[in-house]
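Counting starts at 1 for both ligands and their atoms, in listed order. Since we're looking at a predicted model, the values are computed, not measured.
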Amino acid sequence: MANWSDYQLGIYYNGVQGVQPDLPVSYAELERRAHAALPAAVLGYVAGGAGDENTQRRNVEAFQRWGLMPRMMVGAAERDLSVELFDLQLPSPLYLCPVGVLGVCHPEGDLETARASAATGVPMLASTLSASPLEEVAKATGATPAFFQLYPPNDRELTENLVHRAEVAGYAGIVITVDTWVNGWRPRDLGNAYLPMLRGHCLANYRSDPRFAQIVGQIPESQPHREELAWASIFGKPTLSWDDLPWFRSLTNLPLLLKGICSPLDVTRAKDGGVDGIVCSNHGGRQANGGLPALNCLAGVVAAADGMPVLFDSGVRGGPDIVKALALGATAVGVGRPYVYGLSLAGARGVEHVLRSLLAEADLTMAIDGYRSIADLTPEALVPC
Ligand code: FNR
């Protein structure tokens, strides 16, 4: 059983040896340092969201409206943060959200993130939009299971290829993101006129696919930026509907999850369609600026899922957030922007630092508040405040 809070002791012991930490543990400082380090357009893409970014802010604030009830004298000297997800035994409930621009935040962004996953046992949901092909990313995750996140293209053969490649590469499941068949209105990116993929970044999974080569081949050779144009023509599937679900289901026997679900009604449809898990998320407030924090949807999604695993992301910034999402019924909890900032500052070491800090803080929160295992984290552990 991993003892996640040892990370805290390690930092103090290093201090005794005269070694001061070079990476911050506070999210505010991590964000400040990464913001200073990233090029302006990349920073806008990572830090920005839809509209006036109200949803994005509210995702974070939603955690502050819940307090954890401390329980004393329960002997929580050892905690068990391990979880079971499908047939996997994971050492912690944390996972790395799919992020499509790791390759512009660090020269080997996807591989460095995969290496941090290998080092920590925290699974990576590897994005379709990657600077390294999904096969190389899977290899770099080592013994830690990984999931492949699919942006379903508007081309059936390419979709099939990506799913089958993920199966062959050994991914443990397919996560179809259903909230991004078109990009949200993102003022920071519009201000910079910056969409990384239109500049040829993070298209490795397409470039390594024979079907994509055929699609590029249909564009006259005289046309500049043929790959980028081909990508823009097939990236999203505007007609994506529940009618497509049986076909997606027929593509693989791997666990199939839908990411970007907030409504219990959608959970029911997904479950009826043979989906194995839900990712309750509003894409970190990057898609629609409707103002509803993802956390506020979690309990309803969990109830409708009725035992089916529910992963949660959007707004997780510290260890207590992980604990709160678990208490609301999440099976596993995703970190997004914070690890991208760690990656930007120090590659795999930066990602690992963020993951270990989050887990140490979650573990210590449970220790101090008297929750020995995730099973102890029920909704009664939370108080609205
Ligand atoms: C994302 N997200 C995302 N989601 C997805 O399914 N595929 C992807 O390629 C991406 N790309 C991406 C890029 C960037 C820069 C960000 C910040 C996010 C959404 C991601 O998986 C997750 O839902 C959010 O990051 C959660 O919000 P917070 O906690 O990062 O605010």
Exercise. Parallel, tilted or perpendicular: which describes the rings of Y27 and Y341, with under 30° parallel and over 60° perpendicular?
Worked result: tilted

Exercise. In terms of ring plane angle, is the pair F147 and F86 parallel, tilted or perpendicular, where the classes change at 30° and 60°?
Worked result: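 Taking F86 first and then F147, their aromatic rings sit tilted (interplane angle of 30° to 60°).
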
Heavy-atom donor-acceptor pair, [X] side chain to [Y] backbone, under 3.5 Å:
{"X": "Y13", "Y": "Q8", "value": "no"}
{"X": "R57", "Y": "D52", "value": "yes"}
{"X": "T128", "Y": "Y151", "value": "yes"}

Enumerate the atoms of ligand 1 whose separation from the nearest heavy atom of [X] is less than 4.0 angstrom.
{"X": "S314", "answer": "26 (C), 27 (O), 29 (O)"}
{"X": "C97", "answer": "20 (C), 21 (O), 22 (C)"}
{"X": "S127", "answer": "8 (C), 9 (O)"}
{"X": "V46", "answer": "15 (C), 17 (C)"}
{"X": "R317", "answer": "28 (P), 29 (O), 31 (O)"}
{"X": "S281", "answer": "23 (O)"}

For [atom], closest protein heavy-atom neighbour:
{"atom": "atom 25 (O) of ligand 1", "result": "G336 CA, 3.8 Å"}
{"atom": "atom 7 (N) of ligand 1", "result": "Y151 OH, 2.8 Å"}
{"atom": "atom 1 (C) of ligand 1", "result": "P98 O, 3.7 Å"}
{"atom": "atom 27 (O) of ligand 1", "result": "G284 CA, 3.0 Å"}
{"atom": "atom 26 (C) of ligand 1", "result": "D313 OD1, 3.3 Å"}
{"atom": "atom 19 (C) of ligand 1", "result": "H283 CD2, 3.4 Å"}
{"atom": "atom 11 (N) of ligand 1", "result": "G100 N, 2.9 Å"}
{"atom": "atom 6 (O) of ligand 1", "result": "T177 OG1, 2.7 Å"}

Exercise. Just checking, is any N or O donor in the side chain of D209 or N161 under 3.5 Å from an acceptor N or O on the other one?
Worked result: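 A pair is found: one side chain offers a donor N or O, the other an acceptor, under 3.5 Å apart.
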
For this session: Report yes or no: do K237 and T239 form a side-chain donor-acceptor pair below 3.5 Å?
Result: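 The answer is yes; a qualifying pair exists.
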
Give a yes or no on whether a salt bridge exists between [X] and [Y], defined as a side-chain N under 4.0 angstrom from a carboxylate O.
{"X": "E29", "Y": "R32", "result": "yes"}
{"X": "E112", "Y": "R115", "result": "yes"}
{"X": "D155", "Y": "R211", "result": "yes"}

Exercise. Which is closest to atom 15 (C) of ligand 1 by heavy-atom distance: Q149, R286, R337, R57?
Worked result: R286

Exercise. Contact between Q56 and ligand 1, counting heavy atoms under 4.0 Å?
Worked result: no

Exercise. Under a heavy-atom criterion of less than 4.0 Å, does V101 contact ligand 1?
Worked result: yes

Problem set entry | Geometric cation-pi criterion R165 and Y171, 6.0 Å radius, 45° cone |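 No cation-pi geometry.
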
Exercise. For G315, is at least one N or O under 3.5 Å away from an N or O on ligand 1?
Worked result: yes

